Amino acid sequence: MALVTFSFLFPFSLQVFFFGCQAPEENLGQEADFEQWYPQYNRYVRNWLNKQVEDIMKETKKLEEKYSKAKDDALKNKLQSSLDDQEKLLKRMQSRLEMGDYFQFKGKDELPVGLSWEDGSEQPEIGDPAARKGGAFRYFISSFPPTIRPFGPNANNSFRGELYDNVEISLVELHPETGRIIPGVAKEWAVGKDGRTVFFRLDPEAKYNDGVSVKPVDFMWWVYIRASDNVVAPWFKQYIREQFAQFSVYGEEFIAISLPEPKPKLPYFASLPPSAPHFYKQYGPDYKERYQWRVPPTTAAYTVKPEDLVKGVSITLSRVEDWWAADKKFYRYRYNADRIRYTVVRDRSKAWELFRAGEIDYFPITLPEYWYEKSEMPPVFDGFVERYTWYNQFPRIPWSLYLNSAKSPLDDHDVRLGIGHATNWQKVIDVVFRGDASRLPGWTKGYGRFDNPDITARPFSIGKAREYFAKAGYVKEDENGILMKENGERLEVALTFSNIPVRAKMMGILKEEALKAGLKFILDGLDHTVVYKKEMQKNHQAVFSAWGFQPPYPRYYEYFHSSNAYDDKGNLKHNTNNVFSFADERMDQLAVAFRNARTEDELEEYAHEMQRIIHDSGVYVPGYMTEFSRVGCWRWVRWPDSKFTEFCPPRTYVPFESYVYWIDEGIKKETEEARRSGKKFPEVQAVKQRYRIASKTKEEAGE
């Protein structure tokens with residue numbers, strides 16, 4: 001998952017099988033060696049599974065001994081729950097061993113008979129038949145990405161979505177309104193009798209955007225280039241090893257992907273995008289440098305031409321001529337602009353002036369200073385710029401404080417709880433957002449039954465904050481009102497954030513209010529890219545940040561499992577999403593159980609308990625959320641108004657990421673002529689609320 005910093009972004013002990021199962025001497029070649037690598041990976045996975053079985057049986061024996069000696073009923077219940085989890089894990093590993101090799105190659109005649117194929121054709125269209133192809137959509141980014149590789153060091157940056165996640169077509173996709181499965185690179189799919197294997201029939205027309213056809217083996221290459229030792233991608237390596245059980249190619253048309261156990265929405269969770277072997281033919285130990293600025297061919301409607309990658313200045317995506325999915329249902333009314341240009345504008349106020357001048361086509365105006373003040377301007381009054389409030393049904397992005405529990409004084413539980421009460425987010429909401437936002441209750445919001453309704457954010461309370469700080473030993477005050485321990489150690493925490501004006505204002509309020517509770521926030525405003533690197537290296541104390549969540553289910557493992565915090569020697573593990581440096585035995589069990597859950601009832605049970613653990617730990621201080629996006633756009637940017645889609649599909653974070661808009665060149669010409677002649681159009685300020693599920697805003701209530 002990418003940092004939003006955006007992110008909704010995706011193995012050990014045997015000598016030659018460490019982190020990808022390639023022997024060190026085999027990394028010296030400058031050509032991809034998939035044919036040599038995959039048999040080794042098969043052996044590695046088999047050995048790893050046997051070791052897991054051994055370790056689980058040892059752990060089970062320890063738990064049984066503890067259970068036999070336990071006298072407290074609560075402890076016995078906890079131990080029994082752990083034993084149940086261990087039994088599930090044991091069955092999981094044993095069943096995987098019974099499946100055979102991780103990678104298998106079979107003939108088409110070996111495909112199981114009697115499969116029930118689906119194609120999702122009953123789902124509604126996406127977008128508007130009135131959409132037109134052509135034109136250029138111009139937007140801005142605040143910093144240039146540190147790399148354009150889709151994986152590896154620094155790849156999980158804020159521009160990754162625009163390059164890959166938002167546009168790449170996987171085997172199957174989720175319909176952005178109904179949440180049901182629709183075809184992608186696979187034209188049909190079928191779930192096997194075991195309930196955990198999905199058979200995909202590839203669309204024979206599916207091609208990369210360089211014209212090369214997609215083959216079943218390309219999905220094995222997706223694994224290979226992420227799981228080998230040629231790349232530092234710890235999250236991917238772990239995920240691939242543990243969350244996929246088998247890849248089987250059946251001739252030139254079918255790929256079967258097995259998960260370790262059945263899951264809700266199984267085809268979606270077995271779905272991957274392909275990786276092009278012809279592009280990665282030079283894949284080797286120098287992958288990080290060799291591919292740093294090379295855009296791989298993908299299945300997306302857009303690609304970046306070499307001349308359109310201007311480092312530090314701009315990145316332009318060009319629509320692929322003769323795109324393979326251009327006329328297919330679910331895709332034909334999307335990806336309409338011929339070019340999407342992202343220009344680096346580090347100063348947001350400068351970007352706003354470019355928007356006012358018509359040099360940028362679209363601008364987010366959710367922040368009150370833009371909605372209530374800056375967008376009250378002649379281009380709006382004259383009808384050249386249109387304003388929209390659009391409600392979505394997307395998981396709320398957790399803009400919050402992330403505390404690094406490996407850094408003093410945040411390694412003290414009472415300090416963290418005190419910070420929770422010393423952080424006055426409500427004042428930020430009232431002052432910066434003018435009441436239009438609301439307090440985020442916990443780690444997740446917007447997932448329906450998977451949100452724990454009993455979790456609420458700690459309220460700002462000077463008394464409770466000081467109470468917790470006193471428990472941590474901060475019992476004295478210096479001349480500035482900052483709490484100290486008896487030895488003179490002051491209660492100070494560096495608060496890192498991207499140094500843009502609105503965030504500086506927010507952090508300033510938090511600093512001012514925290515001081516009332518004796519806590520000094522040392523404001524550490526940095527360039528966005530620097531903040532990201534600092535967070536990934538776990539060099540921060542507290543950071544204001546967010547992660548790009550995606551439906552349909554919340555995620556916990558990568559953010560809270562101890563394996564993403566510390567290595568086997570107890571050293572901090574860098575470049576993982578566990579920026580809390582959080583480690584908790586029960587959370588580890590639940591995070592694994594959640595990943596392996598077979599039903600939504602199990603998902604709900606585990607999610608609620610994990611949200612309670614996160615809340616109780618204090619490593620996460622919930623910030624704010626909004627249930628809508630407000631955007632301004634020049635009138636030549638058109639949006640759907642059809643029976644399929646109103647303005648934008650609801651399962652989208654911000655409207656332009658849906659790619660259902662289009663550029664009307666006729667309206668653009670008309671508008672530019674009107675600006676020169678003094679002609680005006682009716683002012684447009686519309687509320688799009690087909691997908692609204694919350695209460696009325698202040699403006700609609702007449703306040």
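Quick caveat: nothing in here was measured; it's all calculated off a predicted structure.
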Regarding [X] and [Y], does a basic nitrogen lie under 4.0 Å from an acidic carboxylate oxygen?
| X | Y | result |
| --- | --- | --- |
| D616 | R612 | yes |
| R586 | D85 | yes |
| R180 | E173 | no |
| E602 | R598 | no |

Do you know which of R630, Q685, E369, R387 makes side-chain hydrogen bond (donor to acceptor under 3.5 Å, both in side chains) with S375?
R387

Identify the residue among R92, K88, R196 that makes a side-chain hydrogen bond (donor to acceptor under 3.5 Å, both in side chains) with E261.
R92

Check the angle between the aromatic planes of [X] and [Y] and answer parallel, tilted or perpendicular using the 30° and 60° thresholds.
| X | Y | answer |
| --- | --- | --- |
| Y653 | F394 | tilted |
| F560 | F582 | perpendicular |
| Y370 | F363 | tilted |

If you round to the nearest 0.5 Å, how far is [atom2] of [Y] from [atom1] of [X]?
| X | Y | atom1 | atom2 | answer |
| --- | --- | --- | --- | --- |
| L440 | T456 | CG | OG1 | 11.5 Å |
| I500 | M506 | CD1 | CE | 9.0 Å |
| L417 | H615 | CG | NE2 | 8.0 Å |
| L510 | L515 | CG | CG | 12.5 Å |
| R692 | T389 | CZ | OG1 | 9.5 Å |
| D584 | S617 | CG | OG | 8.0 Å |

Can you find a side-chain donor-acceptor pair between [X] and [Y] that sits under 3.5 Å?
| X | Y | value |
| --- | --- | --- |
| S563 | Q238 | yes |
| Q611 | N452 | no |
| N596 | Y606 | no |
| T444 | D451 | yes |

Show, in sequence, the C-alpha distance, side-chain angles and deciding distance for E535 and T496, and conclude whether the side-chain hydrogen bond (donor to acceptor under 3.5 Å, both in side chains) test is met.
CA-CA 9 Å; E535 190 173 1; T496 302; over 6 Å; no

Looking at D588 and S562, what are the two nearest heavy atoms and their distance?
OD2-OG, 2.5 Å

So, [X] side chain and [Y] main chain: donor-acceptor pair closer than 3.5 Å or not?
| X | Y | answer |
| --- | --- | --- |
| S81 | N77 | no |
| E646 | R690 | yes |
| S461 | K464 | yes |
| S271 | L171 | yes |
| E168 | G161 | no |
| H608 | R449 | yes |
| E558 | R555 | no |
| R334 | F330 | yes |
| R466 | K516 | yes |
| H421 | P459 | yes |

Step by step, work out the side-chain hydrogen bond (donor to acceptor under 3.5 Å, both in side chains) result for T652 and E657.
CA-CA 7 Å; T652 305; E657 291 182 351; over 6 Å; no

Audit row: S581, K573, side-chain hydrogen bond (donor to acceptor under 3.5 Å, both in side chains) steps and yes/no:
CA-CA 8 Å; S581 304; K573 188 179 288 187; over 6 Å; no

Apply ring-ring contact (aromatic ring centres under 6.0 Å, His included) to residues Y391 and Y691 and explain how you reach the verdict.
CA-CA 6 Å; Y391 287 84; Y691 312 114; over 10 Å; no

Are [Y] and [X] an aromatic pair, judged by ring center distance below 6.0 Å?
| X | Y | answer |
| --- | --- | --- |
| F594 | Y556 | yes |
| F628 | W390 | no |
| Y553 | Y447 | no |

Can you list the steps and then say if F544 with R503 is a side-chain contact (heavy atoms from CB on, under 4.5 Å)?
CA-CA 9 Å; F544 173 68; R503 293 185 187 172; 3.8 Å; yes

Would you mind reporting whether [Y] and [X] have side-chain heavy atoms less than 4.5 Å apart?
| X | Y | result |
| --- | --- | --- |
| I182 | I126 | yes |
| V621 | S400 | no |
| L523 | L495 | yes |
| V502 | V432 | yes |
| Q537 | N575 | yes |
| Y559 | N564 | no |

What do the steps show when you test Y239 against Y557 for side-chain contact (heavy atoms from CB on, under 4.5 Å), and what is the final call?
CA-CA 10 Å; Y239 188 85; Y557 192 98; over 6 Å; no

Begin with the C-alpha distance, continue with both residues' side-chain angles, and end with the deciding distance and a verdict on side-chain contact (heavy atoms from CB on, under 4.5 Å) for R434 and D430.
CA-CA 5 Å; R434 305 188 191 185; D430 293 340; over 6 Å; no

With salt bridge (charged side-chain N to carboxylate O under 4.0 Å, His left out) as the criterion, how do D524 and K534 come out once you've worked through the C-alpha distance, each side chain's angles and the decisive distance to 0.1 Å?
CA-CA 11 Å; D524 181 33; K534 186 171 185 176; 2.7 Å; yes

Please evaluate residues S82 and Q589 with respect to the criterion side-chain hydrogen bond (donor to acceptor under 3.5 Å, both in side chains), reporting the C-alpha separation (whole Å), side-chain torsions for both, the decisive distance (0.1 Å), and the verdict.
CA-CA 8 Å; S82 297; Q589 295 171 353; 3.3 Å; yes

Pair Y388-F647, ring-ring contact (aromatic ring centres under 6.0 Å, His included): steps then yes or no
CA-CA 9 Å; Y388 297 94; F647 193 76; 4.8 Å; yes

Going through the checks in order, is the side-chain contact (heavy atoms from CB on, under 4.5 Å) test met by V579 and M536?
CA-CA 7 Å; V579 299; M536 288 293 96; 3.7 Å; yes

Tested for ring-ring contact (aromatic ring centres under 6.0 Å, His included) against Y620, the lone hit among W399, Y402, W547 is Y402

Tell me whether the NZ or CZ atom of K76 lies within the 45° cone about the ring axis of Y67 and under 6.0 Å from its centre.
yes

